[in-house]
Amino acid sequence: VLRIECPCCGLRDHDEFRYGGDASIARPSHENEDIEAWYRYVFMRANPKGQHREYWQHVSGCRQWLVVERDTANHQISGTALVRKASS
Amino acid sequence: MSAKTGRTAHGGRIDRSKPLNFTFDGKPLQGFAGDTLASALLANGQVLVGRSFKYHRPRGIFSAGAEEPNALVTIGDGRTREPNIQATMIDLREGLAAESQNRWPSLSFDLQSMNGLLAPWLSAGFYYKTFMGPTRKAWMFYEHFIRKAAGLGRASLDRDPRHHTIRNLFADVAVVGAGPAGLSAARSAAQAGARVVLLEQDSLIGGQLLSEPLNGTGAKWLSNIEAELRDLPSLSVTTRSTAFGLYDGNVLGIVTAPASGHNGPCFSILHAKQIIFATGAIERPLVFPDNDRPGVMLASAIRTYLNRFGVVPGHQAVIATCNNSAYRTAIELASAGVSVIISDERGASNVAVPAGIEILAGARITGLRGRLAIKEVVIETASQRRVVAADLVGVSGGWSPTVHLTSHLGIKPRYSEAVDGFIPGGFARGHHGAGAMLGSYRTCDAIAEGHKAGTAAAAACGYGKTVASFDLFDGAEELASARAIAVTGRGKSFIDLQNDVTTADLELAHREGYSAIEHLKRYTTLGMGTDQGKTSNFAAIAMMSGLRQTLIAATGTTTFRPPFTAVSIGALAGPAKDKHYKPIRRTPMDSWHNANGAAMIEVGLWMRPWFYRSSGGDVNAAYVEEMNTVRSSAGLMDISTLGKIDVQGPDAATFLDRIYANGFAKLPVGRARYGIMLRDDGIVFDDGTATRTSTNHYFVTTSTSKAADVMSRMEFLLDTAWPELRVSVTSVTDEWAAMSIAGPKSRDILSASFVNLNVSNEALPHMGFVEGSYEGRRLRIIRLSYSGERAYEIYVGASAGESLWRHLLANGKVVGLKPYGVEALGALRVEKGHIAGPEIDGRTTLDDLGLGRMIGKRKGFVGSVLRHRPAFADANRERLVGLICMEKDKRLRGGAILFGPGDAIEGHGLGRITSVTYSPALENYVGLSLLAGGMEAEGTEVIAVYPMKNEFVRARVVSPVFLDPAGERMHG
């Protein structure tokens with residue numbers, strides 16, 4: 001039972017969020033036509049044990065997409081940030 | 001002095017001024033407030049309470065707590081009937097009706113107890129050996145009889161009328177267990193200022209202290225600390241509440257037994273910053289032949305019944321032990337007038353006992369006589385064999401720390417030589433342990449550890465106030481760590497009482513190579529009952545270590561998983577049943593539909609009109625009639641469920657150009673366009689429309705089912721991939737009521753309905769858009785067709801939806817306008833070959849659906865690269881075709897599998913029918929299909945096979961557009 005600290009809404013139950021996948025993988029530019037690059041982006045995942053950067057959206061709250069730092073071994077969450085802030 | 005079996009004259013923690021009537025197997029009995037069902041049964045001399053799982057052996061009450069393997073009863077009748085309830089864990093209440101289980105025709109005369117005679121056949125691995133390989137089919141035949149013979153109670157098949165609640169609780173510190181350690185921990189943490197929740201599965205707090213004599217030191221200490229706890233405002237004490245599971249994020253799952261029969265158990269999700277486990281220890285049994293007979297009990301349980309409930313469970317007792325703790329039971333039984341013999345496995349003990357208690361040193365029980373109750377006990381020492389008369393046998397094989405909860409997050413318990421048991425292998429961050437669960441069996445140690453854990457937990461929450469420990473006292477003799485040895489001989493020696501696993505089963509499993517502890521468990525079902533082997537686990541591990549000639553530490557233990565005790569499914573479901581299972585979404589016109597004969601159907605969360613009863617008696621008659629109305633005059637359809645997204649900003653055109661496979665940059669203001677979206681992997685995601693209402697403003701619609709996903713995906717791309725785009729997206733699904741008017745007369749009705757709007761073909765051509773207002777709310781009309789007819793989508797502020805719906809119907813009445821439902825809608829689009837959910841199934845590409853040409857060589861949109869994956873170019877992929885039925889009096893069905901004529905009817909065939917309708921225009925059944933090779937097969941014949949109804953129908957492959965391929969009906 002996870003709770004995620006939303007930068008807008010505070011500590012909320014994970015039921016309010018939608019998982020959005022691995023945030024450490026860079027999406028190719030929409031103009032990139034390299035099929036290998038898109039193949040790696042869509043299909044290749046490391047499945048690490050330990051720290052993981054991942055996307056979550058606060059769908060039942062502010063609807064912001066967040067980057068959450070979660071330890072996959074024990075679900076400890078060490079940080080959350082708005083994607084727009086985290087990437088800029 | 002000889003004791004009378006049953007209730008004592010006085011004493012105990014029961015309220016003798018409040019008698020309670022209850023029944024057991026229909027027999028009226030009486031107990032007192034403060035009794036459990038188990039203590040009340042024993043007080044009434046009911047020694048036999050059930051039959052065992054496999055062999056139907058007579059069984060009695062074995063324990064006084066959550067570890068009870070035997071005394072499972074069914075409570076209540078009719079709709080509230082709940083099976084497999086531990087008699088030791090249910091508070092007696094007025095009118096309680098309990099029934100014994102797994103017996104036929106009666107408890108004392110059970111025909112299936114001859115299963116015991118078939119024991120060699122019902123050995124470990126019975127199912128695997130008997131029903132695998134060539135005899136596998138025999139299972140089909142025997143299953144019914146086996147399930148009837150081997151089992152526990154039966155649940156009610158009716159709906160549970162009780163009210164179930166789920167709640168979230170929050171605390172700084174949660175303390176699990178209210179024995180000396182837990183009480184001390186809760187007190188110190190609360191005094192330091194932390195918000196504390198103290199959880200106790202029993203109806204009273206005190207733990208083992210409740211089993212101490214009422215006039216003793218332990219009881220005095222308990223009443224002192226209880227008085228102090230009452231004055232702590234930040235402490236909440238929750239009894240009858242079992243912490244059944246430990247979950248990530250410092251969350252405990254808790255189930256609270258109902259206070260009355262009207263409520264079901266309550267499920268609480270407790271979020272705590274810190275958790276203190278003070279879960280105590282469970283006494284181990286001894287293993288000897290016929291050790292399952294009614295009257296064999298844990299020694300500590302006898303003490304509980306005697307001191308807490310004022311019940312003497314027998315008048316001639318043998319206390320068999322390998323440690324000192326059982327001596328207290330012997331001494332207190334003797335002072336209650338019971339004649340007691342102690343059979344101690346050890347050579348000598350250091351406990352002083354009063355005169356009159358005989359101690360046999362180096363002695364073991366080697367047999368019991370009596371079937372429904374004990375009559376005699378055979379005790380053997382090195383030099384002698386004694387047969388003594390007895391009706392009660394107390395057993396103590398030492399104690400096992402209760403480490404279940406702390407193991408739930410994957411920290412394996414570890415064997416401690418000093419404790420001779422498994423203790424927690426460690427604690428996660430924010431978790432603490434105290435008392436017997438750590439192997440600290442002395443009461444003073446438990447109190448001191450509780451204090452230490454309580455102050456540490458409070459400090460971790462920011463409450464650093466110094467608190468002095470509550471008084472220490474030493475109530476318990478030190479528990480020696482002598483190991484009990486399993487005794488085998490004639491008669492079954494049980495390890496697991498609930499699942500009827502014997503020493504012979506363990507030996508067999510060892511011989512056959514299932515000696516790893518996790519294999520042993522699955523091969524013999526040891527520890528897999530509702531009691532999760534709380535009393536059997538250690539004996540099994542110890543015995544297997546002996547057989548394997550390894551150390552217990554090397555043998556290890558099985559994995560403990562939630563729940564610690566059985567939790568009824570109703571508690572976990574809580575109020576989420578029937579219409580409360582998920583929310584219901586209703587359109588603004590919902591009440592009109594219901595008032596006007598609509599048969600409603602669930603579409604996702606939405607309720608939509610399926611068909612209108614005024615159109616026909618059943619769905620098949622009604623949808624054809626509704627189609628005819630649309631094709632000949634006009635029909636009105638509630639489409640408020642479509643996803644609606646408002647897209648605004650200077651870069652809105654660029655954004656839509658990237659998310660749709662077809663281009664949007666050149667869409668002029670005031671025009672709409674059909675759009676199709678792909679996923680990143682090149683598979684079709686959703687289709688819908690976008691209307692450019694002004695230069696930087698678009699009104700986007702999605703399918704009903706994908707609305708939330710499309711919205712979330714748009715937000716994802718704007719937040720993560722293209723933050724530089726100046727675009728804002730907002731869901732406006734609920735803000736707009738939407739209806740579609742379709743048919744040759746649709747424009748006439750519109751111009752009659754909106755006299756101030758120009759809806760002529762010039763002002764509002766196909767894919768055109770006009771804005772206006774209706775009753776002060778904004779109105780948008782977009783000329784779009786899904787049915788293939790001249791059609792308009794009309795959007796109005798939700799509050800004016802029903803009014804506009806009535807307005808249109810009133811103005812259209814003269815030309816025959818009628819409402820139509822989703823069945824007709826689906827049929828109209830199939831006739832036109834338009835794709836929908838059954839075709840956009842998460843596996844199909846643009847080319848599969850015949851839409852590749854619409855995109856051409858466009859690049860730079862979501863999915864534009866991976867839609868060219870080599871596998872997608874396979875000429876034999878299943879692609880969209882139309883099918884028309886070739887046999888009169890037969891029909892096509894959605895889901896039918898397609899085969900070539902003469903092909904063997906097996907496997908996945910060449911494809912399948914995705915959507916079917918009867919076409920009034922063609923007077924035949926037509927369908928859309930995904931067929932290998934697609935339109936390459938045009939004109940050929942296929943066999944549509946529907947095994948559920950054993951139907952084989954010939955069909956011809958044709959263009960998926962069955963009606964008006966040039967699209968003349970919707971233009972002009």
Side-chain angles (χ1 to χ4, degrees), chain A residues 1-5 11-15 17-44 49 53-60 62-67 70-78 81-88, chain B residues 168 170 245-253 269-273 409-411 428-431 583 654-655 657-659 678-683 708-709 711-725 728-731 857 859-870 872:
Chain A
V1 186
L2 297 181
R3 282 192 293 166
I4 297 172
E5 180 84 36
L11 192 61
R12 310 298 303 170
D13 193 275
H14 80 282
D15 278 2
F17 296 82
R18 161 196 276 246
Y19 181 67
D22 191 337
S24 64
I25 297 178
R27 183 186 176 88
S29 152
H30 71 284
E31 288 167 322
N32 187 330
E33 289 176 38
D34 178 9
I35 199 163
E36 277 296 318
W38 282 97
Y39 161 75
R40 282 193 304 273
Y41 169 70
V42 171
F43 296 107
M44 301 308 286
K49 179 180 180 180
R53 268 168 63 86
E54 54 203 20
Y55 290 125
W56 289 79
Q57 185 187 18
H58 196 189
V59 279
S60 304
C62 58
R63 295 200 65 91
Q64 296 300 309
W65 277 94
L66 315 177
V67 173
R70 181 179 63 102
D71 189 317
T72 58
N74 58 19
H75 296 311
Q76 298 272 359
I77 291 173
S78 52
L82 296 175
V83 173
R84 281 175 182 265
K85 294 239 167 96
S87 51
S88 62
Chain B
N168 280 279
F170 298 88
L246 174 63
Y247 302 94
D248 294 310
N250 267 20
V251 166
L252 287 165
I269 301 155
L270 171 57
H271 309 253
K273 291 180 187 146
L409 289 182
I411 301 175
R429 200 167 69 182
H431 294 175
T654 309
F655 175 63
D657 219 34
R658 289 189 196 171
I659 62 167
L678 306 188
R679 310 189 310 212
D680 284 327
D681 64 358
I683 297 284
D709 291 342
M711 180 68 196
S712 184
R713 196 66 194 163
M714 285 185 176
E715 290 164 325
F716 177 82
L717 290 168
L718 286 171
D719 271 1
T720 67
W722 310 319
E724 73 282 1
L725 292 185
S728 163
V729 292
T730 310
S731 168
K857 296 203 182 306
K859 290 172 183 169
F861 57 90
V862 172
S864 59
V865 176
L866 289 184
R867 70 177 277 249
H868 295 298
R869 278 191 271 164
F872 290 167

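B:Phe170 CZ to A:Arg3 CZ: the interatomic distance, rounded to the nearest 0.5 Å, is 5.0 Å. Atom OG of residue B:Ser731 and atom CE of residue B:Met714 lie 10.5 Å apart, to the nearest 0.5 angstrom.
Only the side chain of A:Asp13 has a heavy atom closer than 4.5 Å to any heavy atom of chain B. Proximity to chain A is absent for every atom of B:Leu409, based on heavy atoms less than 4.5 angstrom apart. Using a 4.5 Å cut-off between heavy atoms, A:Gln57 contacts chain B through its side chain alone, with no backbone atom that close. Only the side chain of A:Gln76 comes within less than 4.5 Å of a heavy atom of chain B; its backbone N, CA, C and O stay farther away.
Across B:Arg679, B:His271, B:Met711, the residue that shares the most heavy-atom pairs under 4.5 angstrom with chain A is B:His271. In terms of heavy-atom pairs under 4.5 angstrom with chain B, the leader among A:Gln64, A:Glu31, A:Glu33 is A:Glu33. Among A:His75, A:His30, A:Arg18, the residue making the largest number of heavy-atom pairs under 4.5 Å with chain B is A:His30. The residue among B:Gly860, B:Ser712, B:Gly249 with the most heavy atom pairs within less than 4.5 Å of chain A is B:Ser712.
Summarising the geometry of A:Arg84 relative to B:Asp719, their closest heavy-atom pair is NE-OD1, 2.7 Å, with the distance given to 0.1 Å.
Residues A:Tyr55 and B:Phe716 bring their aromatic ring centres within 6.0 Å.
Using cut-offs of 30° and 60° on the angle between ring planes, the pair A:Tyr41 and A:Trp38 is perpendicular.
Taking the charged nitrogens against the carboxylate oxygens, B:Arg713 and B:Asp680 do have a contact shorter than 4.0 Å, which makes a salt bridge.
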